[in-house]
Amino acid sequence: QLQFVESGGGLVQPGGSLRLSCAASGFTLDGYAIGWFRMAPGKEREGVSAISRYGYATIYAESVPGRFTISRDDAKSTVHLQMNNLTPEDTGVYYCAAGFVPILQDPREYHYWGQGTQVTVSS
């Protein structure tokens, strides 16, 4: 069966780092664009980063320039999001999703979604 699982979330202090992972099973990942989205209480879902199929291109939200890095390892059907210099505003549930176009503005473009992993940035 198709499965898309996020991991790597947790509690970190401001300025700390986390590395999120998104592992796919039941389908081939290399042909899909992968996006990372997050939801914080009382806020709309926000696109964080995305990577094109085969890693040809990457995009990032304006809120995370120079702090987050997305990468993929198609041999392991896994996408990673390295998050550095985290702030409390980065707190939220992070979801990975697979689609056809690496965009952040419209999450409806993504076909498969994981269940999310909680990221909490707090002192």
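Only heavy atoms go into these numbers, but all of them, side chains included; no hydrogens, no water, no symmetry mates.
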Do Tyr95 and Met39 come close enough that some side-chain heavy atom pair is under 4.5 Å? yes
If only atom types and distance count, is the side chain of Glu6 paired as donor or acceptor with the main-chain N or O of Cys96 below 3.5 Å? yes
How far apart are the C-alpha atoms of Tyr110 and Phe100, what are their side-chain angles, what is the distance that settles it, and do they pass the side-chain contact (heavy atoms from CB on, under 4.5 Å) test? CA-CA 7 Å; Tyr110 291 86; Phe100 300 108; over 6 Å; no
Quick one: which of Asp90, Asn84, Thr87 gives a side chain to side chain donor-acceptor pair (under 3.5 Å) with Arg67? Asp90
So, do Ser17 and Gln82 sit near enough that their side-chain heavy atoms are less than 4.5 Å apart? yes
State, yes or no, whether a side-chain contact exists between Leu81 and Val48 at a heavy-atom distance under 4.5 Å. yes
Start with the C-alpha distance between Gln118 and Thr91, add both sets of side-chain angles, then the distance that settles side chain to side chain donor-acceptor pair (under 3.5 Å), and finish with yes or no. CA-CA 8 Å; Gln118 177 70 46; Thr91 293; over 6 Å; no
Between Thr120 (side chain) and Leu11 (backbone), is there a donor-acceptor pair under 3.5 Å? no
Before giving the answer on side-chain contact (heavy atoms from CB on, under 4.5 Å), spell out for Val79 and Ile70 the whole-Å C-alpha distance, their side-chain angles and the decisive distance to 0.1 Å. CA-CA 7 Å; Val79 173; Ile70 190 170; 3.9 Å; yes
Would Ser21 and His80 satisfy side chain to side chain donor-acceptor pair (under 3.5 Å), going step by step from the backbone distance to the final call? CA-CA 4 Å; Ser21 297; His80 304 285; 2.9 Å; yes
Derivation of the side chain to side chain donor-acceptor pair (under 3.5 Å) call for Asp73 and Thr78: CA-CA 5 Å; Asp73 184 349; Thr78 303; over 6 Å; no
State, with a plain yes or no, whether a side-chain heavy atom of Pro14 is found less than 4.5 Å away from one of Ser123. yes
Aromatic ring proximity, centroids under 6.0 angstrom, Trp36 and Phe68: no
Heavy-atom side-chain proximity of Arg72 to Leu29 below 4.5 angstrom: yes
Using side-chain heavy atoms (C-beta onward) and a distance below 4.5 Å, is Ser7 in contact with Thr117? no
For a 4.5 angstrom cut-off between non-hydrogen side-chain atoms, does Tyr60 reach Leu104? no
Would you kindly confirm whether Val5 and Tyr112 end up in one hydrophobic cluster when ILVMFWY residues are joined by side chain heavy atoms under 4.5 Å apart? no
Please lay out, stage by stage, how Arg38 and Tyr94 fare under the test side chain to side chain donor-acceptor pair (under 3.5 Å). CA-CA 4 Å; Arg38 65 188 179 190; Tyr94 283 68; 2.8 Å; yes
Determine the interplanar angle of the Tyr56 and Tyr54 rings, folded into 0 to 90°, and report it as parallel if under 30°, tilted if 30 to 60°, perpendicular if over 60°. tilted
CZ/Arg53: more than 12 non-hydrogen atoms of other groups inside 6.0 Å: no
Test your reading of the model: is there a side-chain donor-acceptor pair from Ser52 to the backbone of Ala57, 3.5 Å cut-off? yes
Point-to-point distance, once rounded to the nearest 0.5 Å, from CD of Glu46 to CD of Gln105: 11.0 Å
If hydrophobic clusters are built by linking Ile, Leu, Val, Met, Phe, Trp and Tyr wherever their side-chain heavy atoms come under 4.5 Å apart, do Leu20 and Ile59 end up in the same one? no
Non-hydrogen atoms of Phe37 and Gly47 that approach each other most closely: CD2-CA, 3.3 Å
